[in-house]
Amino acid sequence: MIIVANWKAYVEDLEKAKKLVALAKKYARTSPHTIVIAPSAPFVGALAQKNSSHITFAAQDVSATLGGPQTAENTAPMYATLGVAYAIVGHSERRAMGDTNDIVAEKMLHAVAHKITPILCVGEHARDPEGRYLSFLREEITSALAPLAPKDRAKVIIAYEPLWAIGKTADQAIHATDLAEMVLYIHKILAELLPGKSSSRSLILYGGSVEPENIREIAATSRIDGFLIGHASVNETTFTQLLQHIS
Ligand code: PGA
């Protein structure tokens with residue numbers, strides 16, 4: 001499995017960041033899982049350089065532009081030069097700040113052009129009985145993947161993160177059986193967009209209130225390939241428990 005710790009802006013102290021990274025490195029030595037840490041942009045700079053451990057780093061976002069007169073932009077080549085392997089793209093908290101599907105598509109293109117694997121976040125705001133949320137999800141995936149070359153589409157990791165489940169507690173996360181249905185649905189969409197049978201190898205993560213209390217059940221029953229974890233990944237105790245529960 002792939003376990004992505006999305007630190008968001010929770011970690012603001014470099015000493016705390018270093019402790020969390022040391023913990024992740026310790027588990028990564030023996031874990032069968034891929035542990036990916038996504039710190040804020042300044043901390044990626046401080047932590048990812050010369051990383052030769054078993055953990056990998058992700059950017060929390062990547063610019064829709066390339067270099068030039070673009071104050072405050074963190075571009076794909078900047079992350080690539082640090083050895084960052086993944087970038088979260090289209091997180092709902094970035095979409096809430098103005099990232100449209102078109103902007104997300106631009107970011108995807110820049111990431112893959114610089115050999116950074118995009119972790120594309122998709123997810124509905126709410127569920128409606130008519131099932132319109134399914135078309136919403138389809139559009140988010142299609143618009144982000146369509147501009148990519150077919151061989152690059154196959155590299156994209158999808159993180160299904162229903163907005164109604166983000167930042168809550170384990171009892172408000174998605175039920176494992178509902179998640180299993182969504183995983184099937186996402187694979188169906190990918191099968192239409194990817195060449196040949198390559199979509200069967202696409203990885204799908206779940207994010208939204210993954211905590212030590214629910215990680216084991218979701219991992220066991222929903223056929224996902226990993227997790228994108230926010231608040232529970234920035235506390236040493238819960239992060240340790242998360243890693244222990246799936247090892
Ligand atoms: P959460 O965040 O684990 O705090 O719900 C997940 C995410 O937004 O990636």
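These figures come from a predicted structure and were not determined experimentally.
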- Task: Begin with the C-alpha distance, continue with both residues' side-chain angles, and end with the deciding distance and a verdict on side chain to side chain contact (heavy atoms under 4.5 Å, CB included) for Met108 and Leu148.
- Result: CA-CA 8 Å; Met108 299 285 290; Leu148 303 183; 4.2 Å; yes
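- A single hydrophobic cluster is not seen to contain both Leu205 and Ile189; linkage of ILVMFWY side chains at heavy-atom distances under 4.5 Å, directly or through other members, places them apart.
- With rounding to the nearest 0.5 Å, the separation of OH in Tyr86 from CD1 in Ile116 is 12.0 Å.
- The only option from Leu145, Ile88, Ile157 that meets the side-chain contact (heavy atoms from CB on, under 4.5 Å) definition with Leu120 turns out to be Leu145.
- Across Asn74 and Ala41, no two heavy atoms sit closer than the pair ND2-CB, 3.5 Å.
- In this structure, Arg223 does not pair ionically with Glu181, as no charged nitrogen and carboxylate oxygen lie closer than 4.0 Å.
- Between the Ser92 side chain and the Leu163 main chain, no donor and acceptor come within less than 3.5 Å of each other.
- Under a 3.5 Å cut-off, the side chain of Ser233 and the backbone N or O of Ile229 do form a donor-acceptor pair.
- A donor-acceptor distance shorter than 3.5 angstrom exists from the side chain of Tyr206 to the backbone of Gly208, with no hydrogens or angles considered.
- Note that NZ of Lys188 is 5.5 Å distant from CZ of Arg138, once rounded to the nearest 0.5 Å.
- Within 6.0 Å of atom NZ in Lys26, 12 or fewer heavy atoms from other residues, nucleotides or ligands are found, so the atom counts as exposed in its surroundings.
- The aromatic rings of His125 and Phe136 lie perpendicular to each other, with more than 60° between the two planes, well past the 30° mark.
- The existence of a salt bridge linking Arg132 and Glu124 is excluded, since no basic side-chain nitrogen approaches an acidic carboxylate oxygen closer than 4.0 Å.
- Taking both residues in full, the closest heavy atoms of Val104 and Ala144 are given as CG1-CB, 4.2 Å, listed atom of the first, atom of the second, then distance.
- For the atom pair NE2 of His114 and CE of Met78, the computed distance is 11.0 Å after rounding to the nearest 0.5 Å.
- In this structure a side-chain-to-backbone donor-acceptor pair under 3.5 Å is missing from Arg127 to Tyr133.
- The backbone N or O of Val234 sits less than 3.5 Å from a side-chain atom of Lys16, completing a donor-acceptor pair.
- A donor-acceptor pair is defined here as one N or O able to donate and one able to accept, closer than 3.5 Å; no such pair exists between the side chain of Ser63 and the backbone of Thr75.
- The hydrophobic cluster containing Ile186 does not contain Val4, counting ILVMFWY residues as joined when their side-chain heavy atoms lie under 4.5 angstrom apart, directly or transitively.
- Taking CG of Leu82 as the start and CG of Asn51 as the end, the distance is 11.0 Å to the nearest 0.5 Å.
- No more than 12 heavy atoms of other residues, nucleotides or ligands sit less than 6.0 Å from atom CD of Gln49.
- Separating the OG atom in Ser40 from the CG atom in Leu47 is a distance of 8.0 Å, to the nearest 0.5 Å.
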**Prompt:** Going through the checks in order, is the side chain to side chain contact (heavy atoms under 4.5 Å, CB included) test met by Leu194 and Ser202?
**Reply:** CA-CA 9 Å; Leu194 270 56; Ser202 296; 3.3 Å; yes
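- Put simply, the side chain of Ser209 gets close to the backbone of Lys168: a donor and an acceptor are under 3.5 Å apart.
- From Leu20, atom CG reaches atom NZ of Lys18 across 13.0 Å, with rounding to the nearest 0.5 Å.
- Put simply, the side chain of Tyr185 gets close to the backbone of Leu134: a donor and an acceptor are under 3.5 Å apart.
- Checked against the 6.0 Å centroid threshold, His33 and Tyr27 do not count as a close aromatic pair.
- Met182 and Ile119 fall into different hydrophobic clusters, defined by Ile, Leu, Val, Met, Phe, Trp and Tyr side-chain heavy atoms under 4.5 Å apart, directly or through other members.
- Side chain to side chain, His245 and Glu213 fail the donor-acceptor criterion of an N or O pair below 3.5 Å.
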### Message
Quick one, Tyr160 with Leu228, criterion side chain to side chain contact (heavy atoms under 4.5 Å, CB included). Give me CA distance, side-chain angles, the key distance, then yes/no.
### Response
CA-CA 9 Å; Tyr160 172 57; Leu228 183 52; over 6 Å; no
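- Remark: the backbone N or O of Val122 is not paired with any side-chain donor or acceptor of Glu140 at under 3.5 angstrom.
- Linking Ile, Leu, Val, Met, Phe, Trp and Tyr residues whenever their side-chain heavy atoms come within less than 4.5 Å leaves Leu193 and Leu203 in two separate clusters.
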Run Ile3 and Ile246 through side chain to side chain contact (heavy atoms under 4.5 Å, CB included) and show every step you take. CA-CA 10 Å; Ile3 313 299; Ile246 48 148; 3.3 Å; yes
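- One hydrophobic cluster holds both Phe239 and Tyr10 under the rule that ILVMFWY side chains link at heavy-atom gaps under 4.5 Å.
- For the residue pair Thr100 and Asp102, no side-chain donor N or O sits within less than 3.5 Å of a side-chain acceptor on the partner.
- Of the charged side-chain nitrogens involved, at least one lies within less than 4.0 Å of a carboxylate oxygen, so that Arg94 and Asp61 count as a salt-bridged pair.
- The closest donor-acceptor contact from the side chain of Asn101 to the backbone of Ile141 lies at 3.5 Å or more, if one exists at all.
- Using a 3.5 Å distance cut-off with no hydrogens or angles, the side chains of Thr169 and Gln172 do pair a donor with an acceptor.
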